[in-house]
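All ligand and atom numbering here is 1-based and tracks the order in the structure.
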Amino acid sequence: MANPIRLGVNVDHVATLRNARGGVHPDPVTLAKLAVEAGADGITMHLREDRRHVRDADVERLMAEVSAPLNFEMACTAEMLSVALRLKPHAACLVPEKREERTTEGGLDVIGQKAQVAPVVRELVAAGIRVSLFVEPDPEALEQSALMGAPVVELHTGTWCEALHRGDDRAADREFARLRSGAALAKRLGLEVHAGHGLDYASAETISALPELAELNIGHYLMGEALAVGLPETIRLMKAAMARGAARRAAA
Ligand code: PXP
């Protein structure tokens, strides 16, 4: 059976490594091509306000040179909206962004920041860009996401993954229950369900058993593993883990 879940590979860390030396190597677009050849279904790039990893030219080259769909991660700002409307990526994932954070922390506050988020969703949807909202798996956030007219939500898996890494089984079970019921509610609300943040082979396998899941977006772990075994092998192993998890759907 074909793998029912797409793997989006986030190449931001390749740009982080490049920028550490200030040169052109390693190139995130070259690694994105390699990822697609190895089975990635899409590529994610987060163009941050401070351009700390990916730069505008990387996104432009990716769109020109890589056939797989781009999931453009962006903050809800006027500047990023204009970049997205100019480049017209396949998808745009709206995320919260703070200058001082090391990576995206927490989901987008679609309730408190409705006035900022809703117009951005409207403009992107009107431009034919598939919008996803990176949210906590909470009923209020999911209901608000559907009301705003976003077709997709990406459930934030970071809290669950942190609990798994701490070995805190009770917290991990509680967080996974939130993800399970969040995915089910999102589907009932007519939303396509994606998930991401902090996933590794084991957690990707576990979450792939959720029947609503259509896509996982993964970066840090894949790039770390690629240092040891190479990116193509890492992607092959990740897709195999996702397929094992998805196979449990049929068995459930
Ligand atoms: N999804 C979103 C919305 C993110 O912001 C990130 C981190 O850039 C990821 C997925 C990937 O997280 P990780 O790098 O931990 O796999």
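Geometrically, ligand 1 and Glu154 share a nitrogen or oxygen pair separated by less than 3.5 Å. Of the N or O atoms in Gly198, one or more lie within a sub-3.5 Å distance of an N or O in ligand 1. Looking at ligand 1, you'll find an N or O of His220 within less than 3.5 Å of one of its N or O atoms. The shortest N or O to N or O distance between Phe134 and ligand 1 is not under 3.5 Å. Here's the thing with His13: none of its N/O atoms is less than 3.5 angstrom from an N/O atom of ligand 1.
The atoms of ligand 1 that sit less than 4.0 Å from any heavy atom of Asn10 are 8 (O). Each of the atoms 16 (O) of ligand 1 lies under 4.0 Å from some heavy atom of Ile218. Per-residue contacts place Val95 under 4.0 angstrom from the following atoms of ligand 1 (heavy atoms of the residue considered): 3 (C).
Counted by atom type alone, Asn19 and Arg51 present zero donor-acceptor pairs between their side chains at under 3.5 Å. No donor-acceptor contact under 3.5 angstrom links the side chains of Asn10 and Thr44, judged on distance only.
Ion pairing between Arg61 and Asp27 holds under the 4.0 Å rule for side-chain N and carboxylate O.
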| Verdict with reasoning, His53 to His13, per ring pair (Phe, Tyr, Trp, His ring centres under 6.0 Å) | CA-CA 7 Å; His53 38 59; His13 288 297; 7.2 Å; no
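Each of Asp200, Thr234, Leu199 was compared with Tyr221 under the side chain to side chain contact (heavy atoms under 4.5 Å, CB included) criterion, and only Asp200 meets it.
Clustering ILVMFWY residues whenever any of their side-chain heavy atoms sit less than 4.5 angstrom apart, transitively, puts Val152 in a cluster other than the one holding Leu70.
The heavy atom nearest to atom 2 (C) of ligand 1, out of those in Glu73, Glu97, His194, Met223, is found in Glu73. With atom 12 (O) of ligand 1 as the reference point, the heavy atom nearest to it among His156, His197, Arg48, His53 is part of His197.
Partners of Ala68 under the side chain to side chain contact (heavy atoms under 4.5 Å, CB included) rule, at least two apart in sequence or in another chain, are Val36, Val66.
Not a single heavy atom of His46 sits under 4.0 Å from any atom of ligand 1.
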